[in-house]
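Let me begin by presenting the structure, written as structure tokens, before commenting on it.
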Number of protein chains: 2
Amino acid sequence: MSAESNSTCPVCKTAEVVCGKWTLLLIRDLAEGNARFCELERSLEGISPRTLSLRLRALEEEGVVERHTYPEVPPRVEYALTAKGKALVPLVEDMRRYGMRWLLGDAADARQPAAV
Amino acid sequence: MSAESNSTCPVCKTAEVVCGKWTLLLIRDLAEGNARFCELERSLEGISPRTLSLRLRALEEEGVVERHTYPEVPPRVEYALTAKGKALVPLVEDMRRYGMRWLLGDAADARQPAAV
DNA sequence: CCCAAGGCTTCAGTAAGTGAAGCCATGGCG
DNA sequence: CGCCATGGCTTCACTTACTGAAGCCTTGGG
């Protein structure tokens, strides 16, 4: 990996941050109010706890999410988006719009026109 | 991978399409007018030809890019975004905006406030 | 005693991406 | 004629990301 393309390119910089398979889905879930590990695990059905843990840690490192521990029993941990993380929400909204069009078949005419 | 999360979720759908590490950078380059294999290879400095080839093929499968072959010598191949691909450009623009803010340090205060 | 809850970590295995090298065709140069 | 350059890949052996199942840790309650 060494130098992820050009580090002075803004698009590359963002790509580095959101590169993981689950990252943007995770941002979406945090934006929707899911805060706890097990909530995220359930919402992102299919993610392994290891991957979730690694992604959360990486995003925390990058200052995109914050981790709050509550010393209860059993211990509770909550994750939240920082300002830096909230700034990614428009991206998720664009993805939602795009996916919506895709699922509605609006963009499907770009495939084979399928014998109108 | 089997069932990429929930396939009826628009955000997941888009995530599936743009999941690869290089996909959005590739969309950006195609949007900027880079059309040929070697141009893309140069522009996405660091990508391996294998990955570029695989990504282009996958995106073609999905109807996001079109491939045009010109029977010259040496043979020329050009790639272009379809409507479905162009619809991803706003996403890239959001990434550019976000990355710009990041690089300018505007969002950096979300990290440790660093002893004001 | 022992189990449940919540938040992880460990392990062995699969998928995605890497870096270097090679392949194919052919027009042009010596 | 020999052979190199060009463009678009493919092959190989390898590292990194992610998976799925299992296990760990603490402590309050049955």
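Residue numbers begin at 1 in each chain, while the letters A, B, ... track the order of the sequences. All values reported here derive from a predicted model rather than from experimental measurement.
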Could you check how far [atom1] of [X] sits from [atom2] of [N], rounded to whole Å?
X     : N      : atom1 : atom2 : result
A/L56 : C/dG6  : CG    : P     : 17 Å
A/L52 : C/dG6  : CG    : P     : 15 Å
A/L44 : D/dC18 : CG    : P     : 12 Å
B/R57 : D/dC9  : CZ    : C1'   : 8 Å
B/L54 : D/dT10 : CG    : P     : 8 Å
B/E72 : D/dG7  : CD    : P     : 11 Å
A/Y70 : C/dG7  : OH    : C1'   : 15 Å
A/W22 : C/dA15 : CH2   : P     : 16 Å

**Report entry** Side chain of B/V73 (C-beta onward), nearest among D/dT6, C/dG27, D/dT19
**Finding:** C/dG27

Query raised in the report: Choosing from D/dC9, C/dC8, C/dG19, which nucleotide comes nearest the side chain of B/Y79?
Result: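 The answer is D/dC9, which lies nearest to the side chain.
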
Query raised in the report: Got a donor-acceptor pair under 3.5 Å from the side chain of A/R50 to the base of D/dT19?
Result: yes

Taking the side chain from [X] and the backbone from [Y], do they hold a donor-acceptor pair closer than 3.5 Å?
X     : Y     : value
B/Y98 : A/K84 : yes
B/T82 : B/E66 : no
B/S43 : B/D29 : no
A/K21 : B/E16 : no
A/E45 : A/R42 : no

For [N], does either OP1 or OP2 sit under 4.0 Å from a side-chain N or O belonging to [X]?
X     : N      : value
A/S48 : D/dT19 : yes
B/R55 : D/dC9  : no
A/T51 : D/dA17 : no
B/K21 : D/dT16 : no

Report task. Identify the two heavy atoms, one from A/L91 and one from B/M95, that lie closest to each other, and give their separation to 0.1 Å. Result -> CD1-CG, 3.6 Å

Query raised in the report: Would you call B/R57 and B/E60 a salt bridge, taking side-chain N to carboxylate O under 4.0 Å as the test?
Result: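 Between B/E60 and B/R57 there is no salt bridge, as every charged N stays at least 4.0 Å from the carboxylate O atoms.
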
**Report entry** Interface residues of residues 32-42 of chain B with DNA chain D (non-hydrogen, below 4.0 angstrom)
**Finding:**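 Those residues are B/R36, B/F37, B/C38.
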
Requested in this report: Identify whether any heavy atom of B/P49 sits under 4.0 Å from a base atom; if not, whether one sits that close to sugar-phosphate; answer base, sugar-phosphate or nothing.
Outcome: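 Contact class for B/P49: base.
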
Report task. Would you mind classifying the nucleic acid contact of A/R76 as base, sugar-phosphate or nothing, using non-hydrogen atoms under 4.0 angstrom? Result ->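 The residue A/R76 makes sugar-phosphate contact but no base contact.
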
